[in-house]
Amino acid sequence: QVSLAESGGGLVQTGDSRRLSCAASGSSFRPYAMAWFRQPPGKEREFVAAFSRYGTHTYYADSVKGRFTISRDNAKSTLFLQMNDLKPEDTAVYYCAFDQRIILSSLRLPEQWDYWGQGTQVTVSS
């Protein structure tokens, strides 16, 4: 069992950068696969970026590749999402998700992840 809490959202302008954090508590951090998803207004939740279990590989949605970077601090049990060159279409509620058993082919599917944070709003103004 793990509890997740995102922070770092807010209102930014096009081209700005922002770093989101996801603090994990309640369980050993390293064995989990970890991901960021987002849900734009009126749309389905979508995959943004992920670490496979133990952080051996990273994966990105095409829409954020080259602009966003997922990283982690194992000592602080915290997951990050560095977002650069933000665009209005990045506006969404951003969620972190953890799972201990997810397989690689399911990483991009939100319904396959067990643990979720409450979300943090990122709004990018044009």
Side-chain angles (χ1 to χ4, degrees):
Q1 195 81 343
V2 63
S3 297
L4 305 174
E6 301 96 337
S7 61
L11 175 63
V12 299
Q13 294 186 335
T14 297
D16 282 355
S17 297
R18 197 80 172 184
R19 189 176 79 159
L20 304 182
S21 300
C22 172
S25 61
S27 184
S28 177
F29 185 76
R30 291 193 66 224
Y32 284 88
M34 305 171 188
W36 288 97
F37 287 81
R38 65 186 182 187
Q39 189 160 14
K43 295 185 179 180
E44 303 268 322
R45 196 169 296 191
E46 63 185 29
F47 172 78
V48 175
F51 276 111
S52 57
R53 291 188 67 207
Y54 294 95
T56 50
H57 294 92
T58 56
Y59 303 87
Y60 293 93
D62 288 342
S63 58
V64 306
K65 202 172 293 183
R67 299 189 298 123
F68 290 12
T69 302
I70 190 171
S71 63
R72 54 197 280 169
D73 185 332
N74 291 332
K76 296 182 178 179
S77 297
T78 303
L79 178 71
F80 301 102
L81 184 69
Q82 177 67 42
M83 305 184 294
N84 298 329
D85 189 24
L86 283 161
K87 305 175 180 181
E89 52 263 42
D90 295 319
T91 294
V93 179
Y94 283 73
Y95 300 89
C96 59
F98 279 31
D99 197 285
Q100 277 194 310
R101 297 168 296 177
I102 196 165
I103 59 177
L104 290 181
S105 59
S106 297
L107 280 179
R108 299 170 187 262
L109 304 176
E111 65 270 21
Q112 297 296 320
W113 292 80
D114 280 344
Y115 302 103
W116 291 86
Q118 82 288 351
T120 186
Q121 175 72 47
V122 175
T123 302
V124 185
S125 64
S126 57

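A salt bridge (charged side-chain N to carboxylate O under 4.0 Å, His left out) check over residues 35-51, counting only residues at least two apart or in different chains, returns the pairs Arg38-Glu46, Arg38-Asp90. Under the disulfide (SG to SG under 2.5 Å) criterion, the residue pairs touching residues 2-111 are Cys22-Cys96, with sequence neighbours excluded. Within the structure, disulfide (SG to SG under 2.5 Å) pairs that include any residue of residues 33-77 do not occur (at least two apart or interchain). Each disulfide (SG to SG under 2.5 Å) pair with one or both residues in residues 97-126, not counting sequence neighbours, would appear here, but there are none.
The structure places OG of Ser106 at 12.0 Å from CZ of Phe47, a figure rounded to the nearest 0.5 Å. In this structure, the separation between CZ on Phe68 and CG on Leu86 is 5.0 Å, given to the nearest 0.5 Å. Separating the CZ atom in Phe80 from the CD1 atom in Ile70 is a distance of 11.5 Å, to the nearest 0.5 Å. Leu79 CG to Trp36 CH2: the interatomic distance, rounded to the nearest 0.5 Å, is 5.5 Å. Rounded to the nearest 0.5 angstrom, Ser77 OG and Arg72 CZ are separated by 9.5 Å. Distance check, rounded to the nearest 0.5 Å: CG of Leu4 to CE of Met34 gives 9.0 Å.
The hydrophobic cluster containing Phe51 does not contain Trp113, counting ILVMFWY residues as joined when their side-chain heavy atoms lie under 4.5 angstrom apart, directly or transitively.
Considering every non-hydrogen atom in both Ala24 and Val2, the closest pair reads CB-CG2, 4.0 Å. Counting all heavy atoms, side chain and backbone alike, Asp85 lies closest to Arg67 at O-NH1, 2.9 Å. Nearest heavy-atom pair across Thr120 and Gly9 is OG1-N, 3.1 Å. Pairing each heavy atom of Leu104 with each of Ser52, the nearest pair is CD2-CB, 3.8 Å. Between Gln82 and Ser17 the shortest heavy-atom distance is NE2-CB, 3.9 Å. Closest approach of Arg108 to Pro110, counting heavy atoms only: O-CD, 3.4 Å.
Panel note: side chain Glu6, backbone Gln118; a donor-acceptor pair is recorded below 3.5 Å. Using a distance-only test at 3.5 Å, with no hydrogens or angles considered, no donor-acceptor pair links the side chain of Gln13 to the main chain of Ser125. Asp99 contributes a side-chain N or O that, together with a main-chain N or O of Asp114, makes up a donor-acceptor pair within less than 3.5 Å.
The shortest side-chain heavy-atom distance between Gln39 and Tyr95 falls under the 4.5 Å cut-off. Between Ile103 and Gln112, the closest side-chain pair of non-hydrogen atoms is not below 4.5 Å. Within the 4.5 Å cutoff, side-chain heavy atoms of Gln1 are placed close to those of Tyr115. Residues Pro40 and Glu89 fail the side-chain proximity criterion, which asks for heavy atoms closer than 4.5 Å. Contact check for Leu20 versus Met83: side-chain heavy atoms found under the 4.5 Å cut-off. At a threshold of 4.5 Å between non-hydrogen side-chain atoms, the residues Thr69 and Tyr60 count as touching.
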- Give the C-alpha distance, both sets of side-chain angles, the deciding distance and a yes or no for side-chain contact (heavy atoms from CB on, under 4.5 Å) between Ile102 and Leu107. CA-CA 7 Å; Ile102 196 165; Leu107 280 179; 3.8 Å; yes
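Ring orientation note: the planes of Trp116 and Phe37 are tilted relative to one another, at an angle of 30° to 60°. Between Tyr32 and Phe98, the two ring planes are tilted [angle within 30° to 60°].
Here Arg53 pairs with Pro31, Ala33 under the side chain to side chain contact (heavy atoms under 4.5 Å, CB included) rule; sequence neighbours left out. For Arg19, there are no salt bridge (Lys or Arg N to Asp or Glu O under 4.0 Å) partners at least two apart in sequence or on another chain.
Crowding of Gln121 atom CD: a count of heavy atoms from other residues, nucleotides or ligands under 6.0 Å exceeding 12.
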